[in-house]
There are 2 protein chains.
Amino acid sequence: MSTSSSRFAVAIHVLTLLTQNPDEPATSEYIAGSVNTNPVVIRRVLGGLRRAGLVRSQGGAGGGWRLARDAEAITLRDVYHAVEEDDQAVFPLHHRPPNPNCPVGRHIQRALAVHFAAATRALEDELARRTVADVLREVRALAG
Amino acid sequence: MSTSSSRFAVAIHVLTLLTQNPDEPATSEYIAGSVNTNPVVIRRVLGGLRRAGLVRSQGGAGGGWRLARDAEAITLRDVYHAVEEDDQAVFPLHHRPPNPNCPVGRHIQRALAVHFAAATRALEDELARRTVADVLREVRALAG
DNA sequence: CCATTCGTAACCAGTATAGTTACGGATGAA
DNA sequence: TTCATCCGTAACTATACTGGTTACGAATGG
């Protein structure tokens, strides 16, 4: 399910990098070197984070990317919402609407929506308990 | 993320149908009429449920699909695992491995795996609290 | 003035989903 | 035995998303 894409992992990776060195802006090329991908991919992901107010960008020479707020105040749920913008649900409903003449088909989507929302809420609550600062601490601990 | 696909929603829908009428087998064509899709799509989804031991199929005239155990004993987590078989993670890691020469790149995936597992666990725990029988009761309540 | 860097469009390859047709094989009733 | 029914599965298609890549305009600041 789910879908899907590694944007969430890449976004946390990038924010962890920015947290590690908060004093000078990081370029998308430098970041791409750590993530092992193309700078355009990084700029695309960071564009979502910028629209969510998590980072700021600065064009031109000496420019790059910085955190827009303290890493202790950026939860993984914030990151998740920033990269999974719009309507990408964890559990999509049917593509075509079910048969409204069938009692089950008529009501199943409303019943499912309640359960899916509860499960998604549990997932997001768990993500909200962790911050980018936590991740950097763990990375440093693993580095020993 | 996620992925993704509507198989989970369709699987719950189908199991709810089978629960509603447990005495006679339902054909994939009948089920497809309620889901509003093609019988082959239904047989594909039900194939996963059969491999997970949730339903049984019977070929030939008078054949079709039945529940293999009581709907009270089929949680939404069981259904989720049946249709999202193999390795489809809710939160995929990087496609290419990050740069091992970067301190963050070297350890980020292990750090992320811990958080992703915790969030996924919370999601599945919530799904485990609900059964197919619950869904049918809610559908009936909505039907008034 | 000019190298740097972002922002974004465009294109491509790979993959997943879902819909469809087709057909073999098993089943069970007539 | 015959035959309509129904599953199981392969094959093909259209659509969409992801990630990688090249390209280029605009803004920045030394």
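Within every chain, numbering begins at 1; the chains are lettered A, B, ... in the order of the sequence lines, protein sequences first and strands thereafter.
- The salt bridge (Lys or Arg N to Asp or Glu O under 4.0 Å) pairs that include a residue from residues 35-50 of chain B number zero, where partners must be two or more places apart or lie in different chains.
- In this view, B/R69 and B/L54, B/A73, B/I74, B/D78 satisfy the side-chain contact (heavy atoms from CB on, under 4.5 Å) rule, not counting sequence neighbours.
- Ring orientation note: the planes of A/F8 and A/Y80 are nearly perpendicular, at an angle over 60° on the 30°/60° scale.
- Remark: A/Q109 engages A/L93, A/H94, A/P98 in a side-chain contact (heavy atoms from CB on, under 4.5 Å) (not counting sequence neighbours).
- With the nearest nucleotide of DNA chain D identified for both A/V40 and B/S28, B/S28 has the one nearer the 5' end.
- Sorted by residue number, the members of residues 60-68 of chain B with any non-hydrogen atom under 4.0 Å from DNA chain C read B/G60, B/A61.
- Scored by the side-chain contact (heavy atoms from CB on, under 4.5 Å) test, B/D134 finds B/R130, B/T131, B/R137, B/E138 as partners (sequence neighbours excluded).
- Between the side chain of B/R43 and the base of D/dT9, a donor-acceptor pair under 3.5 Å is found.
- Residue contacts for B/E29: at a heavy-atom cut-off of 4.0 Å it reaches no nucleic acid atom on any strand shown.
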What protein N or O atoms touch nucleotides 13-15 of chain D N or O atoms at under 3.5 angstrom, if any, and at what distances?
none

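- Contact annotation for B/R44: base contact, defined as any heavy-atom pair under 4.0 Å involving a base atom.
- The 5' end of DNA chain D is approached more closely, in terms of each residue's nearest nucleotide, by A/V41 than by the other of A/V41 and A/G59.
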